[in-house]
Structures are given as C-alpha cells and as structure tokens.
Amino acid sequence: MEEALAELERVQTQLLQRISKLQHSHLPSSPSQNDTVDDAGTDTVSRLSSILHTNGVPEFSFKRVPSDYYDWPLEARRDALSAASIHHLCKSIVLVNTQAPANVVDCTNRNNSKYYVVVVQYTARFNADAVKNFLYSLNNGSIAKKKFNMRLAPEETSMELTGYGHNAVTCIGMKTDIPVILDEAIVKLTPDFFWLGGGEVDLKLGIRTSQLIKFINPFIVQCSNN
C-alpha cells in the first residue's frame, strides 16, 4: 500500500512538472518569461507551481541563481534573471507591529494584524510610516495611531511564520496566512512582470503582477520612496 502511494505521488509530481514546463513554453514572448523552470524537480518549485496553477496564476517562472548572487550589483542580478529592469527586482519582508494591543497576537484580522508581509523593490527605500498611516486609516481611526509601530520582524520569527529563511521569503505558500502589502510602485511597473524570492535562497520567482494581485488580494499601498 505504501509503495503504491509513493508511486502515485511520484507520478503526480512528474505531471505537475510537465504542466509547468508546457505552461511556460506558451507564455507571451518577453525577456522576463522566456526561461523555463530551472531545477523543476525540487520540492519547493513543485509545491509553489501547484499552488500558483491551482489559483489561476499561469504566467510565472522559476530561476536558479549562483550562491554569490546577493554580492552582485542590481544590474548583474537583472541580467541573470532577464528582468525588464533593476526596478523589477523585488523582495518580501515580514513586519511586526511592536505596539499592537495585547489582544492582537496573530494574523486573524487582516485589517489589524500583528504581522504583515510587504513586497517592495530593491531600488526603493521602504517607508514604515506610510504603512502605519495606511493601517490607521484602514481602521477608520478606531485604533490609536500610537498602537501601530511597524518594524522588521526578527529573522527567527519570519522563518517561523513563513517557513522561508533569509533571502528566500516569498508571499506564496507561506506557513501562516499573513496579509500582504504590495508597494504601489510595483503595480505601476511596465511590463507588469516582476521578480521576487522563490522560497529558497538561490531560487527566484518571476510573476505576472495582475495575476498575483488577483490571487493573494494584497493591500496596495504607496510605501516606498524611490
């Protein structure tokens, strides 16, 4: 019985990989999307590909990068990913509200969550006060502004909540359903296909912005200074 289940799982994984490769081979021609899925056999790629396909996101691409990728200038990273520009290189960071009321301990209420994942460009300067002001307005002023103090979550907290380590965080397939804030500047990018972490340090995920928005329903906030 166990052998039969293992064989079934193996066949299902192969099918997902084939579907993913076929999907990418039919993507519209653009520099960001010509790459097929690298190392498609990894658990992370298979799992995230399945999540994206299941949730109506057909236009995405995974790409492996060298171990010294983060030592490179943004221009070299852009070239490695065939990204449209350095502004299309983004990252996901986990924020914690250090002044949240005692009864706010998790992500149950997306309007007043203890934690948020913010997706911003590498070329932008993140503005925590913009997020603070947005959340204050989102709650119609019913919560004192001093109860919002957004800070970068400790790495161990980020790992525990997302399941992803440093430089690997992505807003797809997180362990916890953390509300996502997408910087408005990313939405305005042309073409609307950007790159972010892919769940592993050396794995990057390129994705169609409009499809990501439809899937994860993020808050779109002007929260950076370019």
Side-chain angles (χ1 to χ4, degrees), residues 70 74 77-78 83-162 164 166-174 176-198 204-226:
Y70 285 101
L74 292 179
R77 300 185 200 180
R78 172 202 62 202
S85 76
I86 59 174
H87 306 296
H88 286 72
L89 306 177
C90 304
K91 58 184 175 181
S92 302
I93 57 176
V94 179
L95 299 184
V96 55
N97 182 2
T98 62
Q99 297 298 319
N103 64 327
V104 178
V105 297
D106 55 24
C107 305
T108 304
N109 180 0
R110 76 190 302 261
N111 288 358
N112 185 25
S113 176
K114 178 76 172 178
Y115 304 97
Y116 287 90
V117 168
V118 179
V119 184
V120 293
Q121 298 160 297
Y122 273 99
T123 56
R125 185 186 311 157
F126 174 62
N127 185 345
D129 284 338
V131 174
K132 170 182 177 176
N133 293 332
F134 167 75
L135 294 173
Y136 175 74
S137 299
L138 183 65
N139 288 276
N140 300 312
S142 61
I143 302 170
K145 187 172 283 190
K146 66 180 181 181
K147 291 297 183 181
F148 297 104
N149 186 51
M150 311 309 296
R151 292 291 180 263
L152 191 66
E155 191 170 325
E156 59 271 20
T157 301
S158 174
M159 175 70 179
E160 181 181 350
L161 291 170
T162 66
Y164 305 122
H166 183 60
N167 285 337
V169 178
T170 186
C171 56
I172 306 297
M174 297 182 289
T176 308
D177 187 15
I178 312 173
V180 177
I181 295 174
L182 183 66
D183 188 12
E184 185 180 69
I186 298 174
V187 180
K188 295 179 178 179
L189 288 172
T190 303
D192 67 331
F193 189 95
F194 71 97
W195 291 84
L196 69 165
K204 300 301 159 191
L205 168 63
I207 197 164
R208 178 71 65 189
T209 314
S210 54
Q211 294 174 6
L212 176 69
I213 290 172
K214 187 175 180 180
F215 168 29
I216 65 175
N217 188 30
F219 295 113
I220 298 174
V221 182
Q222 185 178 349
C223 58
S224 69
N225 303 313
N226 291 307

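- For the side chain to side chain contact (heavy atoms under 4.5 Å, CB included) criterion with Asn97, the lone passing option out of Met150, Lys147, Lys132 is Met150.
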- Message: Walk me through whether Thr98 and Arg151 qualify under side chain to side chain contact (heavy atoms under 4.5 Å, CB included).
- Response: CA-CA 7 Å; Thr98 62; Arg151 292 291 180 263; 4.1 Å; yes
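- A distance-only check finds a donor-acceptor pair linking the side chain of Asn127 to the backbone of Asp129 [under 3.5 Å].
- Panel note: side chain Tyr164, backbone Cys171; no donor-acceptor pair is recorded below 3.5 Å.
- The minimum heavy-atom distance linking Val94 with Leu161 is given by the pair CG1-CD1, 4.3 Å.
- Contacts of Lys214 classified as salt bridge (charged side-chain N to carboxylate O under 4.0 Å, His left out), with partners at least two apart in sequence or in another chain: none.
- Of the possible donor and acceptor atoms, none in the side chain of Arg77 sits under 3.5 Å from a partner among the backbone N and O of Ile86.
- With hydrogens and angles disregarded, no donor-acceptor distance shorter than 3.5 Å links the side chain of Asn217 to the backbone of Ile213.
- Looking at heavy atoms from C-beta onward, Asp177 lies out of side-chain contact with Cys107 at the 4.5 angstrom threshold.
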For a quick test of your reading: what N or O donor-acceptor pairs under 3.5 Å do the side chains of residues 115-123 make, sequence neighbours left out?
unit_1 : atom_1 : unit_2 : atom_2 : d
Tyr116 : OH     : Arg110 : O      : 2.7
Tyr116 : OH     : Asn111 : O      : 3.4
Tyr116 : OH     : Asn112 : N      : 3.4
Tyr116 : OH     : Ser113 : N      : 3.0
Gln121 : NE2    : His87  : O      : 3.0
Thr123 : OG1    : His87  : ND1    : 3.0

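- Distance CD1/Ile181 to CD1/Ile220: 11.5 Å, rounded to 0.5 Å.
- The salt bridge (Lys or Arg N to Asp or Glu O under 4.0 Å) contacts involving residues 180-195 comprise Glu184-Lys188, Asp192-Arg208, where partners must be two or more places apart or lie in separate chains.
- Residues Leu196 and Ser92 come closest through the heavy atom pair CD1-OG, 3.7 Å.
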- Stepwise side chain to side chain contact (heavy atoms under 4.5 Å, CB included) check, Val187 with Leu182: CA-CA 8 Å; Val187 180; Leu182 183 66; 3.8 Å; yes
- Message: Using the rule given for side chain to side chain contact (heavy atoms under 4.5 Å, CB included), can you reason through Phe194 versus Leu89, listing the C-alpha separation, both sets of side-chain angles and the distance that settles it, and then say yes or no?
- Response: CA-CA 6 Å; Phe194 71 97; Leu89 306 177; over 6 Å; no
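- Nearest heavy atoms, Lys204 versus Asn167: NZ-O, 3.5 Å.
- No side-chain donor-acceptor contact under 3.5 Å links Thr162 to the backbone of Val169.
- For the pair Thr157 (side chain) and Ala153 (backbone), a donor-acceptor distance under 3.5 Å is absent.
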